[in-house]
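Below is one structure, written out as structure tokens; comments come after it.
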Amino acid sequence: MRSPGFRRTSTTLMASALALTAITACGSSDDDGSAGGKTRITVNCMPPKSAKVDRSFFEADVKAFEKANPDIDVVAHDAFPCQDPKTFDAKLAGGQMEDVFYTYFTDAKHVVDVNQAADITSYVKELKSYSTIQQQLRDIYTVDGKIYGVPRTGYSMGLIYNKKLFAQAGLDPEKPPATWEELRADAKKIAALGKGTVGYADYSAQNQGGWHFTAELYSQGGDVVSADGKKANIDTPEGKAVLQNLKDMRWSDDSMGSKQLLVINDVQQMMGSGKLGMYLSAPDNIPILVKEKGGNYKDLALAPMPGGKGTLIGGDGYMFNKKDTPAQIRAGLKWLDHMFLTPGKGFLGDYARAKQNDAPVGLPEPRLFTGAADAKDQEVKKANANVPVENYQAFLDGNQSLQMKIEPPQAQQIYSVLDGAVSAVLTKKDADVDQLLKDASGKIDSILARG
């Protein structure tokens with residue numbers, strides 16, 4: 001699961017029926033890739049008109065690219081979200097994807113399996129930045145030794161906490177919990193402040209509960225599926241620890257509040273209003289909490305995942321339509337370099353421009369590059385930082401020792417199953433953790449067997 005990759009946005013999701021109607025207008029199946037002697041490429045994930053600042057950045061960057069590459073014509077399609085799960089598979093099946101199209105990390109193998117991606121292995125050497133991208137992110141778009149896409153952003157889960165509430169509860173704001181036992185104790189103290197204050201909140205609906213269960217399982221060293229991807233691996237001591245901890249905090253400690261079946265917007269609202277101590281999140285939540293939910297940057301800090309063993313990573317990138325011509329693939333790679341993969345420049349990397357337009361600069365992620373490219377990117381980011389970067393140092397330091405693990409195969413279907421287990425322990429005092437894990441395991445086995 002992932003945010004859209006814009007710096008800030010609050011647009012309502014488009015109805016799936018409308019999106020499906022528009023599919024035929026978005027594809028490249030009737031485009032031979034040439035227009036007036038130019039190589040033409042269609043691309044997606046342009047910010048919608050409602051995101052005025054981001055839209056203006058994107059359009060300016062495309063215009064600059066076309067000026068620098070007069071032999072390439074870029075036709076951009078806007079969308080929010082950049083990928084709607086309700087329509088993504090329909091576009092794939094209909095062969096209607098753009099020439100260069102946005103995907104979540106979890107989509108890569110599926111797109112290849114259904115034979116809708118171009119093999120770009122022989123072209124990727126022309127992508128100047130490719131060797132500077134983190135290897136573990138590059139590997140996500142490599143299937144059976146062949147390269148089918150290029151990562152654009154990456155994120156890892158951590159713990160957002162309210163420093164002000166920590167201080168009020170007698171806790172050290174500079175010492176976030178490092179274990180789930182510490183988190184439970186801290187949550188109890190924060191909830192004891194009363195007046196509707198909640199110590200720790202978690203999602204448990206719309207597949208988001210399953211997403212967080214996965215992150216919490218990774219943090220304890222567990223896995224959702226077996227190494228070969230064929231069987232569930234949640235009915236384990238680590239899986240039981242996740243559910244039992246949530247159940248104990250909800251019913252024994254009363255540190256999670258009485259309102260449950262929460263989704264991301266509910267929890268963000270609680271944190272932004274100053275009534276929540278902690279929740280799991282990626283760094284991109286912080287500007288949303290400030291810009292849209294009433295929070296304050298100085299009060300919001302980020303720590304690594306409690307547990308100390310692992311964290312869930314995700315992100316997005318671009319793949320290439322299997323119908324693309326060699327010229328279109330080469331043009332698409334040049335466009336990606338210009339837009340997203342040049343440190344300190346482009347749509348997501350022009351930190352000076354972002355700062356001038358009051359967009360947050362200095363968040364610890366995304367962190368895409370390695371070596372000299374990473375050093376350059378961090379240097380420009382630091383020079384233009386307008387958020388309290390010291391609030392995120394614990395997250396950066398702690399992540400160095402965590403195993404970074406991508407979401408499981410068939411993630412959304414599995415998350416739907418795990419939602420039921422998480423919601424049960426948060427809404428039913430007598431929920432049987434062992435039975436919930438056993439039942440969920442059987443359902444996940446069936447999902448994996450179907451492929």
Side-chain angles (χ1 to χ4, degrees), residues 1-3 7-8 154-169 171-180 182-187 189-191 193 197-204 208-209 211-216 218-219 245-246 249 255-257 262-308 310-315 360-367 387-399 402:
M1 305 188 77
R2 185 63 178 125
S3 64
R7 287 190 177 84
R8 58 196 180 279
Y155 77 92
S156 61
M157 296 290 284
L159 181 76
I160 288 183
Y161 68 99
N162 186 313
K163 295 178 70 174
K164 188 175 181 180
L165 287 182
F166 263 61
Q168 290 175 2
L171 301 167
D172 185 348
E174 306 307 322
K175 274 194 71 175
T179 67
W180 284 100
E182 290 177 3
L183 182 145
R184 182 179 172 186
D186 290 353
K189 289 180 180 179
I190 293 168
L193 293 171
T197 304
V198 173
Y200 177 76
D202 217 338
Y203 313 152
S204 53
Q208 296 171 21
W211 177 37
H212 271 202
F213 175 97
T214 300
E216 291 163 20
Y218 287 174
S219 78
N245 189 57
L246 291 173
M249 286 198 292
S255 62
M256 296 185 69
L262 304 173
V263 294
I264 187 168
N265 186 62
D266 302 317
V267 175
Q268 287 175 339
Q269 196 66 50
M270 293 164 65
M271 181 62 82
S273 65
K275 291 296 184 180
L276 175 61
M278 299 172 281
Y279 79 102
L280 299 183
S281 170
D284 63 356
N285 268 221
I286 292 174
I288 296 173
L289 295 173
V290 176
K291 297 282 185 179
E292 301 176 20
K293 310 299 180 183
N296 191 310
Y297 279 117
K298 68 180 179 61
D299 295 334
L300 299 169
L302 192 66
M305 285 289 290
T311 186
L312 182 150
I313 67 169
V361 178
L363 296 173
E365 290 179 339
R367 196 160 186 170
V387 296
V389 294
E390 63 276 7
N391 281 7
Y392 321 130
Q393 193 60 48
F395 173 82
L396 287 170
D397 294 342
N399 267 12
L402 296 181

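None of the values given here were measured: they were computed from a predicted structure.
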State the [atom1]-[atom2] distance between [X] and [Y], to the nearest 0.5 angstrom.
X	Y	atom1	atom2	answer
Gln208	Leu262	CD	CG	10.0 Å
Ile264	Ser281	CD1	OG	6.5 Å
Asn162	Met271	CG	CE	6.0 Å
Tyr392	Asp397	OH	CG	15.0 Å

When you look at Val290 and Leu300, which way does the side chain to side chain contact (heavy atoms under 4.5 Å, CB included) test go after all the steps? CA-CA 9 Å; Val290 176; Leu300 299 169; 4.0 Å; yes

Take Asn399 and Thr311, measure what side chain to side chain donor-acceptor pair (under 3.5 Å) needs, and give me the verdict at the end. CA-CA 8 Å; Asn399 267 12; Thr311 186; 5.4 Å; no

Can you name the closest pair of heavy atoms from [X] and [Y] and give their distance?
X	Y	value
Glu182	Pro176	OE1-O, 4.4 Å
Pro304	Leu402	CB-CD1, 4.2 Å
Pro177	Met278	CG-SD, 3.8 Å
Ala394	Leu302	CB-O, 4.0 Å

Given 3.5 Å as the limit, does a donor-acceptor pair link the side chain of [X] with the main chain of [Y], or not?
X	Y	result
Asn391	Lys298	yes
Glu292	Ile288	no
Trp180	Pro306	yes
Asp186	Leu183	no

For Leu396 and Arg367: C-alpha separation, side-chain torsions, deciding distance, then whether side chain to side chain contact (heavy atoms under 4.5 Å, CB included) applies. CA-CA 10 Å; Leu396 287 170; Arg367 196 160 186 170; 3.8 Å; yes

Lys164/Asn296 under side chain to side chain contact (heavy atoms under 4.5 Å, CB included): CA gap, chis, key distance, verdict: CA-CA 10 Å; Lys164 188 175 181 180; Asn296 191 310; over 6 Å; no

Matching residue for Leu165 among Ile190, Leu276, Asp299 - test: side chain to side chain contact (heavy atoms under 4.5 Å, CB included): Ile190

Could you tell me if the side chain of [Y] sits less than 4.5 Å from the side chain of [X], heavy atoms only?
X	Y	answer
Ile313	Met157	no
Met305	Leu159	no
Pro360	Ile286	no
Ile160	Leu289	yes
Lys275	Val198	no
Leu312	His212	no
Leu246	Glu216	yes
Pro283	Phe395	yes

Would Lys163 and Glu174 count as a salt bridge (Lys or Arg N to Asp or Glu O under 4.0 Å) if you check the C-alpha gap in whole Å, the side-chain angles of each, and the deciding distance to 0.1 Å? CA-CA 8 Å; Lys163 295 178 70 174; Glu174 306 307 322; 3.0 Å; yes

If you take the centroid of each ring, where Trp contributes its six-membered ring, are Tyr161 and Phe166 closer together than 6.0 Å? yes

State whether the number of non-hydrogen atoms from other residues, nucleotides or ligands found under 6.0 Å of Lys189 atom NZ is greater than 12. no

Flag yes if more than 12 heavy atoms outside Lys293 fall under 6.0 Å of its NZ atom; otherwise flag no. yes

Is it true that Asn265 and Gln269 share a donor-acceptor pair across their side chains at a distance under 3.5 Å? no

Apply side chain to side chain donor-acceptor pair (under 3.5 Å) to residues Tyr279 and Asn285 and explain how you reach the verdict. CA-CA 11 Å; Tyr279 79 102; Asn285 268 221; 2.7 Å; yes

